[in-house]
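Following: one structure in structure tokens, then a few remarks.
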There are 2 protein chains.
Amino acid sequence: MAKDKVNIYDVAAKAEVGIGTVSRVLNNSPKVKTETRTKVLEVIKELNYRPNKLAQNLASQKANAIGIIVPTFIDHFFVEVLKGIQAALEAEKIDLILYKIDKDQAMLDKILDIVHSKKVDGIVAVTMDIGEEDYQQLLAEEIPIVLADEKNDDFHSIYLNDLKGAEMAIQYLLAQGHQKIAFINGVQTSQHGIRRLKGVKNILAKNDLVLEPELLKFGDFKTESGYKLMLEILDLPQANWPTAVFAASDNQAIGILEALKEKNIKVPAEIAVVGYDNIELAEYLKITTVWQPMYKLGYLSIEVLLKAIRGELNNFYQTELELKLIKRETA
Amino acid sequence: MAKDKVNIYDVAAKAEVGIGTVSRVLNNSPKVKTETRTKVLEVIKELNYRPNKLAQNLASQKANAIGIIVPTFIDHFFVEVLKGIQAALEAEKIDLILYKIDKDQAMLDKILDIVHSKKVDGIVAVTMDIGEEDYQQLLAEEIPIVLADEKNDDFHSIYLNDLKGAEMAIQYLLAQGHQKIAFINGVQTSQHGIRRLKGVKNILAKNDLVLEPELLKFGDFKTESGYKLMLEILDLPQANWPTAVFAASDNQAIGILEALKEKNIKVPAEIAVVGYDNIELAEYLKITTVWQPMYKLGYLSIEVLLKAIRGELNNFYQTELELKLIKRETA
DNA sequence: CTGTTAGCGCTTTCAG
DNA sequence: CTGAAAGCGCTAACAG
């Protein structure tokens, strides 16, 4: 009646071999006589034995798992990335542990806990954006880490060019004849936001235009924020209204569209809107947007991480993924 | 230079105590002199020591992690459920391991691997829908399992009443004056699909109506399937067209809407559409649909699982979550 | 209150 | 090719 407690010793005993041998067949070691292997395998079936991975991992010093660290759980962006991650992991027999670490917490400390926990062989940190000194500390750790959506020469990193993305959007708007453009940005301290803002200003400057202070807003990349900030802009005297709005995320663009609809303002006739990300919703809502290859970001991150774990990488892998402007009906 | 290899012995040595004491402060055991604790804590900081959780887990026989088993990764339904799961887990210091198990695989075998792996203290299986005999086998295992979106008296289970949901939808359509209704279902073998079909037929029969065989389609709950199946229906002589279509998922409803748009058929004037799930997109696309509380499903699943793990549950927890019809613009 | 000593269940030399 | 033994790093009695 030793129900579930069957372990490697039970198998060894019943198969009349040593536990070493059982371990070998478990790990497909080639140096086991076929006959012996068959017998052990038989007993394993009989006993419905399945190894305790905790013990396996501790003994072998590898976790057979990877960790994904995300700042805010399951928003559209991460869902896409996760899909790519899952796809890349499909074939492997590697577990996926999801860690959510809030931006405002002691991120580094939590990450170090994970690193030292030995529960994962490697980590993909998505849009982490921690400070430079924190990165330095992380460098001291020997575990493979890939930064997704973050450029950093001291790590494997796969990123998107925010500057270029913003430039594409503004360039397009300019080409459509817009001169007075508003930019509804995300979190003010976000590196992504900062770089996108720079891109906006760059192109504007190149065309002898400026971004009016009253047409630059900071929020948090979410729908609600787009809605509120757009309303603020519409509170300005109508003469000051922009003819186009560039949003730092599609979620914000959606909020902007709602605000516009509420005020009965025609899009794009009266005010054009360009989003950022190309989340699935953007397609359904026909939002013109800057496409970020999030799925690919996830997929590639895992590929790189697995290579790094296997020691197949000699240098830090660096790749900038291409962005694309997707023209639809809002601009 | 023993960089990262600092373990409990190093801490014990430097703090001039036994490893037992270190372990005790690690686990907040009350029976440690404050003075000693302080000293140990100091050394821990100094050495930047963080426990190896693999070892902790093996020794303590608990994983401090739970596993989520999903059939198809990250679709709208699961994303919502995951949000709930994450929210419920927020406060706990419990890891979340995501397992994807394809429907067509040897599901039970994979689940048993997970169970015996000892990497998780409990499991939430979402929309698993394995056979009765498989459930029986699972019963033999001592690990807490909660079935989310699946009713089964032998497990903790939190579910939605498919029959009722389908009935609500059809009832509503009937009230709107529709007599000729089509049902675009999901996978033919899905218990959810089967029950929803039953609900549809129930209400129809109660009103002396029948579901025309040509107006009953089976697909796979995805957008593409809704699109294709609707097109098939529109291939029928126009006299045979339904005046309303009920879809087994919002994803399918979206596909249906696309097909209708392509054929320039007005919704709901010419053909009304009712979806199922109330995914986020449904809101933006103004789809009338049956709301399933997916977030709550996830949240509650974790609450129940945690209680089960802590041994606070004496019986199998059973709850049916309420559905709601959300009237919007497609019907 | 604290040190010591067994394990937890497996992997991995090391002999043979 | 295979058995025995030494850990992996920590928890949990058990003495004291």
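Just so you know, these numbers come straight off a predicted model, no measurement behind them. Hydrogens, waters and symmetry mates play no part in the numbers below; they use all other heavy atoms, side chains included.
Among the protein residues, B/Val22 comes within range of no part of the nucleic acid, since none of its heavy atoms lies under 4.0 Å from any strand. Counting non-hydrogen atoms under 4.0 angstrom, A/Ser23 reaches a base of the nucleic acid. Backbone-only contact: A/Asn27 has heavy atoms under 4.0 Å from sugar-phosphate atoms and none from a base.
Put simply, the side chain of B/Ser301 never gets that close to the backbone of B/Val124: no donor and acceptor are under 3.5 Å apart. The closest donor-acceptor contact from the side chain of B/Gln318 to the backbone of B/Asn152 lies under 3.5 Å.
Here B/Lys119 pairs with A/Asp95 under the side chain to side chain donor-acceptor pair (under 3.5 Å) rule; sequence neighbours left out. For A/Asp102, the salt bridge (charged side-chain N to carboxylate O under 4.0 Å, His left out) partners at least two apart in sequence or on another chain are A/Lys100. With sequence neighbours excluded, no residue forms a ring pair (Phe, Tyr, Trp, His ring centres under 6.0 Å) with A/His192. The side chain to side chain donor-acceptor pair (under 3.5 Å) test applied to A/Thr127 returns A/Asp149, not counting sequence neighbours. In this structure, the ring pair (Phe, Tyr, Trp, His ring centres under 6.0 Å) partners of B/Phe316, at least two apart in sequence or on a different chain, are B/His156. With sequence neighbours excluded, the residues satisfying side chain to side chain donor-acceptor pair (under 3.5 Å) with B/Glu132 are B/Gln136.
Taking five base pairs at each end of the helix from C/dC1-D/dG16 to C/dG16-D/dC1, the local helix axes there meet at an angle of 40°, rounded to 10°.
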In a table with atom names and distances, give each donor-acceptor pair under 3.5 Å that connects a side chain of residues 44-51 of chain B to protein atoms at least two apart or in another chain.
residue, atom, partner, partner atom, Å
B/Glu46, OE1, B/Lys14, NZ, 3.0
B/Asn48, OD1, B/Arg50, NE, 3.2
B/Asn48, OD1, B/Arg50, NH2, 3.1
B/Arg50, NH1, A/Asp109, O, 3.1
B/Arg50, NH1, A/Asp109, OD1, 3.3
B/Arg50, NH1, A/Asp113, OD1, 2.8
B/Arg50, NH2, A/Asp109, OD1, 3.0

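Sorted by first then second residue, the salt bridge (Lys or Arg N to Asp or Glu O under 4.0 Å) pairs that include residues 293-312 of chain A, not counting sequence neighbours, are A/Glu92-A/Arg310. Applying the ring pair (Phe, Tyr, Trp, His ring centres under 6.0 Å) test to pairs two or more places apart or on separate chains, those with a residue in residues 125-153 of chain A are A/Tyr135-A/Phe155.
Atom pair B/Asn57:CG and D/dT11:P shows a separation of 9 Å (rounding to whole Å applied). At whole-Å resolution of the value, CG in B/Leu26 and C1' in D/dG9 are 11 Å apart. We find that NZ of A/Lys119 is positioned 17 Å from P of D/dG9, with the value rounded to whole Å. Protein atom NE2 of A/His116 is 12 Å distant from nucleotide atom P of D/dC10, rounded to whole Å. Atom C1' of nucleotide D/dA4 and atom CD of A/Glu16 are separated by 18 Å, given to the nearest angstrom. Spacing between atom CG of A/Asp10 and atom C1' of C/dC10 amounts to 13 Å, rounded to whole angstrom units.
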For nucleotides 13-16 of chain C, print each protein N/O atom paired with a nucleotide N/O atom at under 3.5 Å, atom names and distance only.
residue, atom, partner, partner atom, Å
C/dT13, O4, A/Arg24, NH2, 3.4

Write out a two-atom table: protein N or O, nucleotide N or O from nucleotides 6-9 of chain C, distance below 3.5 Å.
residue, atom, partner, partner atom, Å
C/dC8, O3', B/Gln61, NE2, 3.3
C/dC8, O2, B/Ala59, N, 3.4
C/dG9, N2, A/Ala55, O, 3.4

